[in-house]
Trainee: 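Starting off with a structure, shown below.
Convention: sequence-line order gives letters A, B, ...; per-chain numbering from 1.
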Amino acid sequence: MNIHPKTQQAYQLLHDGVIALARAERQGIRLDVDYTRRKYRQLTRKIEGIENKFLQSKFCVDWKRKAKKEINPNSGKQLAWYLYDVLNLTPVKTTPSGQGSTDEDALSALNIPELDDLLYSRKLKKIRDYLDLFQREQVDGYIHPVFNLHFARTFRSSCDSPNIQNTPKRDDEAEKIVRGALFPRPGHQLLEVDYSGLEVRIAACYHNDPTMIKYINDPKSDMHSDMACQIFKIDDIDKSIPSHYTLRQAAKNGFVFPQFYGDYYKNNAISICNDWVKLPQTSWKWGQGIRFMPLIVEDITIPYNTISDHLIYEKIKSFNAFEKHLQDIEYDFWHNRFSEYAKWKERWWQGYQKYGYIDMKTGFRCGGVMSRNDCINYPVQGAAFHCLLWSLIKLDRLLTVGELDTKIIGQIHDSIILDMNPDERDYLIPQIRRITCEKLPEAWDWIIVPLDVDIELHPVDGSWADKG
DNA sequence: GGAACTCGCCAC
DNA sequence: AAACGTGGCGAGTTCC
């Protein structure tokens, strides 16, 4: 039987990857067990205080009276019943099964002060759950996350027992507590190697869109800043200005990435207004949303300009107008700016419908029932991860063959985490750059754009929360 | 009393 | 024309 060389390559990548990841698993990540116990108890006391306060509030007393039984404040079902059936409030959204939502967005929108206590206790419990899991899984002060290569439909990895790939990093309080429990071996330091914009770059290897390739090749250009200018009608983005940086984040996480995943302007409008610029889904008034820039009107500087002031000034006066504006931008995005990308998406979807499968650049085949978005996302997600896996395998060999003291201890889709001996730092960092950015594109000729990594060093004996 | 489900929420 | 991809895990709930 003939085996396609790419299939052989994919097969070999999984085999080599499993072994390299098993070594990381055996090595493990040091947990400060005393800290974890202490912090767990401290959080428990805090949670009990907040829960008691909540349970004694007028809100809960009434809830309990209407329920005619003991209530469980952690039950979404009971809470939804009280809010939406008893109090007859209108949920801002529903869950997939049709029940009124009781997630953070939905509860915040109700403007019931007592619910803030519930949300805060939820958040603290979530943090405590991580510590609990670490504690249960640790053996002699080390956790040993399991890395799977055979679960994800995309041929990405998954991780469990514990899943180290979802430790909090966006919320400061959660990051500090949870990552603050994880350390390198004594005298060592944690090192993270992160491919920057990996999925965008790998997508470009499929669609070959010239505009996208220009963005990637020119480090001075910035797709997200350009989109922020277009979305918010400003001349340029100066990333050192905090409000500008927020607008760039809004464009990136509220429009560009969701669009790449297959989302559309209506959701983008809601996400940008809710999550980033804080504008209501109504007609806008002056002085709403995030603080933006000083506004100069006829030589008078108005110091506290807000984003609504600016947008109203630019003739976008309501949420509906903004949504329409985003619809135009979406059209421009796929018909003008990234038209080759759009054509590739369509070709890829047609190909799947004709043949019933899609093949990744890395030799893996995805079949079965797939949606249009699946067809577009899987090959990119998978191949991007395979770039990381290839690099991890090579780095593992370098460390093993050279009998270095530094060890790979984990991987998060586009990044590698190492427990490094500081004496090996000056040798290792150039080697890592060489493997990840030079050797990989040499090995895989379909990589037609430059690759880049961020290397973050944590302090010697510092935790995963301590910045270098 | 466990399997399978829903919901919420953490990461990329 | 239609409309956000991949995971893990906890609590609550329902089914058998």
Trainee: Looking just at side-chain N and O atoms, do Asp105(A) and Asn274(A) make a donor-acceptor pair shorter than 3.5 Å?
Mentor: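 The answer is no; no qualifying pair exists.
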Trainee: For the residue pair Tyr341(A) and Trp334(A), is the inter-centroid distance of their aromatic rings smaller than 6.0 Å?
Mentor: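 They qualify: ring centres under 6.0 Å apart.
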Trainee: Looking for any heavy atom pair under 4.0 Å, which part of the strands does Ser415(A) touch: base, sugar-phosphate only, or nothing?
Mentor: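 Result for Ser415(A) = nothing.
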Trainee: Would you please confirm or rule out a distance under 4.0 Å between OP1 or OP2 of dC12(B) and any side-chain N or O of Arg170(A)?
Mentor: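 Affirmative; the distance criterion is met.
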Trainee: Could you tell me the separation between the CD atom of Glu330(A) and the C1' atom of dA2(C), rounded to a whole number of Å?
Mentor: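 My rounded result for the distance is 11 Å.
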Trainee: Using the ring centroid of each side chain, check whether Phe257(A) and His224(A) are separated by less than 6.0 Å.
Mentor: yes
Trainee: Need to verify one output field. Residue with the more 5' nearest nucleotide on DNA chain C, Lys77(A) or Lys126(A)?
Mentor: Lys126(A)
Trainee: For the side chain of Asp103(A), starting at C-beta, report the closest nucleotide among dG7(C), dC4(C), dG8(B).
Mentor: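 Nucleotide nearest to Asp103(A)'s side chain: dG8(B).
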Trainee: Could you tell me if the ring centre of Phe255(A) sits under 6.0 Å from that of Phe333(A)?
Mentor: yes
Trainee: What contact category does Glu104(A) fall into here, base, sugar-phosphate, or nothing, at under 4.0 angstrom with non-hydrogen atoms?
Mentor: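 It contacts sugar-phosphate atoms only.
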Trainee: Base, sugar-phosphate alone, or nothing: which one does Phe260(A) contact when heavy atoms must sit under 4.0 Å apart?
Mentor: nothing
Trainee: Compare side-chain N and O positions of Ser101(A) against OP1 and OP2 of dC7(B) and report whether any pair is under 4.0 Å apart.
Mentor: no
Trainee: Within this structure, what is the CD-to-P distance between Gln99(A) and dC7(B), rounded to whole angstrom?
Mentor: 6 Å
Trainee: Would you mind telling me which of dC4(C), dT14(C), dC10(B) lies closest to the side-chain atoms of Pro258(A)?
Mentor: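 The answer is dC4(C).
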Trainee: Within the pair Asn74(A) and dG12(C), is there a side-chain N or O less than 4.0 Å away from OP1 or OP2?
Mentor: yes
Trainee: Consider the side chain of Asp414(A), meaning its heavy atoms from C-beta on, and name the nucleotide among dC12(B), dT6(C), dC9(C) that approaches it most closely.
Mentor: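 Of dC12(B), dT6(C), dC9(C), dC12(B) is nearest to the side chain of Asp414(A).
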Trainee: Applying a 4.0 Å non-hydrogen cut-off, can you work out what Arg179(A) is touching in the nucleic acid: base, sugar-phosphate, or nothing?
Mentor: nothing
Trainee: Go nucleotide by nucleotide along DNA chain C from the 5' end; which of Asn253(A) and Arg136(A) gets its closest nucleotide reached first?
Mentor: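 The residue closer to the strand's 5' end, by nearest nucleotide, is Asn253(A).
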Trainee: For the pair made of CZ in Phe134(A) and C1' in dC10(B), what is the distance, rounded to whole Å?
Mentor: 11 Å
Trainee: Pick base, sugar-phosphate or nothing for Ser371(A), based on heavy-atom distances below 4.0 Å to the nucleic acid.
Mentor: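 Here Ser371(A) touches no strand at all.
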Trainee: Using atom CG of Asn377(A) as one end and atom P of dA3(C) as the other, report the distance to the nearest whole Å.
Mentor: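 So the CG-P distance, Asn377(A) to dA3(C), works out to 15 Å.
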Trainee: Measuring to OP1 and OP2 of dG7(C), would you say a side-chain N or O of Arg156(A) lies under 4.0 angstrom away?
Mentor: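 It does not, given that no N or O in the side chain of Arg156(A) lies less than 4.0 Å from OP1 or OP2 of dG7(C).
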Trainee: Quick one: is dG8(B) close enough that its OP1 or OP2 comes under 4.0 Å of any side-chain N or O from Thr95(A)?
Mentor: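 No, outside the criterion.
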Trainee: Expressed in angstrom and rounded to an integer, what is the separation of His335(A) atom NE2 from dA1(C) atom C1'?
Mentor: 13 Å
Trainee: Examine the side chains of Tyr120(A) and Lys46(A) and answer whether a donor and an acceptor come within less than 3.5 Å of each other.
Mentor: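 Judged by distance alone, the side chains do pair up.
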Trainee: Return the value, rounded to whole Å, for the distance between atom CG of Leu79(A) and atom C1' of dT6(B).
Mentor: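 Distance check: Leu79(A) CG to dT6(B) C1' gives 15 Å.
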Trainee: Is the His325(A) to Tyr265(A) ring centre distance short of 6.0 Å?
Mentor: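 When the ring centroids of His325(A) and Tyr265(A) are compared, they turn out to be at least 6.0 Å apart.
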Trainee: Using a heavy-atom cut-off of 4.0 Å across all strands, would you classify Thr102(A) as base, sugar-phosphate, or nothing?
Mentor: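 It contacts sugar-phosphate atoms only.
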Trainee: Counting only side-chain N and O atoms of Arg122(A), is one of them less than 4.0 Å from OP1 or OP2 of dC9(B)?
Mentor: yes
Trainee: Quickly work out the Tyr261(A) OH to dG5(C) P distance and round it to whole Å.
Mentor: 10 Å
Trainee: Starting at atom CZ of Arg153(A), determine the distance to atom P of dG8(C), rounded to an integer number of angstrom.
Mentor: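 Rounded to whole Å, this separation is 12 Å.
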Trainee: Just to be sure I understand the rule, does Leu133(A) reach a base, reach only the sugar-phosphate, or reach nothing, if contact means heavy atoms closer than 4.0 Å?
Mentor: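 Result for Leu133(A) = sugar-phosphate.
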Trainee: With a cut-off of less than 4.0 Å, is there a side-chain N or O of Tyr378(A) near OP1 or OP2 of dT6(C)?
Mentor: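 For dT6(C), OP1/OP2 do have a side-chain N/O of Tyr378(A) under 4.0 Å.
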Trainee: Using a distance-only criterion (donor-acceptor N/O pair, under 3.5 Å, no hydrogens), is the base of dG7(C) paired with the side chain of Gln165(A)?
Mentor: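 No pair found.
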Trainee: Using a cut-off of 4.0 Å on non-hydrogen atoms, how would the nucleic acid contact of Asn72(A) be classed: base, sugar-phosphate, or nothing?
Mentor: sugar-phosphate
Trainee: Within the 4.0 Å heavy-atom criterion, would you say Lys169(A) contacts the bases, only the backbone, or no part of the nucleic acid?
Mentor: sugar-phosphate
Trainee: OP1, OP2 of dT13(C) versus side-chain N and O of Gln78(A): anything below 4.0 Å?
Mentor: yes
Trainee: With distance as the sole criterion, is a donor-acceptor pair present between the side chains of Glu192(A) and Trp464(A) under 3.5 Å?
Mentor: yes
